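Everything quoted here is computed from the prediction, not taken from an experiment. Counting begins at 1 with the first residue of the sequence.
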Amino acid sequence: MNPYDFFTTHSITAGKYYKRLKENIAKNGILEPIKYTIHNGRKYIVDGHHRILAAKELILDAVPAEEVNLPYGSYQTSDDLVNWESRS
C-alpha cells in the first residue's frame, strides 16, 4: 500500500531507535506489516507509525500492510483513533 494512504493516531518522536529502524528499512525493507483499521473510509495506523515515517523519508512507494479490527492494542474504539490530539 502507498505510505501516504494512512492517517496517524498519535504523535511520533524520532530518537536513536528511529535512526536504527530507518537504516534497517533502507537496507532490508519493511519486514513487519503496518497494522491499520478503517474508520469512515480512512485507514488509521494502530501499529507502525515509525515505519510509515521511515517509508516516507526513504521515498518508498509501497509498504506491507495488514487490516486489523478494533480493539487492537491500546485502541479500543474508533474514538481512540480520531481523538488522539485531545488526549493529555
Which distance, rounded to the nearest 0.5 Å, do you find between the [atom1] of [X] and the [atom2] of [Y]?
{"X": "E23", "Y": "L58", "atom1": "CD", "atom2": "CG", "answer": "10.0 Å"}
{"X": "F7", "Y": "T37", "atom1": "CZ", "atom2": "OG1", "answer": "13.5 Å"}
{"X": "H49", "Y": "Y18", "atom1": "NE2", "atom2": "OH", "answer": "13.0 Å"}
{"X": "S78", "Y": "R42", "atom1": "OG", "atom2": "CZ", "answer": "13.0 Å"}
{"X": "H39", "Y": "T77", "atom1": "NE2", "atom2": "OG1", "answer": "9.0 Å"}
{"X": "I34", "Y": "D5", "atom1": "CD1", "atom2": "CG", "answer": "12.0 Å"}

Are I30 and Y17 linked, directly or through other ILVMFWY residues, by side chains that come within less than 4.5 angstrom of each other?
->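 Yes, because I30 and Y17 connect within a single hydrophobic cluster, where side-chain heavy atoms sit under 4.5 Å apart.
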[X] side-chain N/O to [Y] backbone N/O, donor-acceptor pair under 3.5 Å:
{"X": "T9", "Y": "I45", "answer": "yes"}
{"X": "N28", "Y": "I25", "answer": "no"}
{"X": "N24", "Y": "R20", "answer": "no"}

Step by step, would you call E66 with V68 a side-chain contact (heavy atoms from CB on, under 4.5 Å)?
-> CA-CA 6 Å; E66 176 184 343; V68 297; 4.2 Å; yes
Check [X] against [Y] and note the closest heavy-atom contact, atom names and distance.
{"X": "P3", "Y": "L60", "answer": "CG-O, 3.3 Å"}
{"X": "Y4", "Y": "N2", "answer": "N-OD1, 2.7 Å"}
{"X": "L81", "Y": "L70", "answer": "CD1-CD1, 4.0 Å"}
{"X": "R51", "Y": "E32", "answer": "NH1-O, 2.7 Å"}

So with a 6.0 Å cut-off around NZ of K19, is the heavy-atom count from everything else above 12?
->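 12 or below, so no.
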Ring centers of Y36, Y44 separated by less than 6.0 Å |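 No, too far apart.
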Start with the C-alpha gap between K56 and F6, add the side-chain angles, then the distance that decides, and say whether side-chain contact (heavy atoms from CB on, under 4.5 Å) holds.
-> CA-CA 11 Å; K56 289 176 179 179; F6 298 96; over 6 Å; no
Check whether any side-chain heavy atom of M1 sits under 4.5 Å from a side-chain heavy atom of K43, and report yes or no.
->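 Contact flag for M1/K43 side chains = yes.
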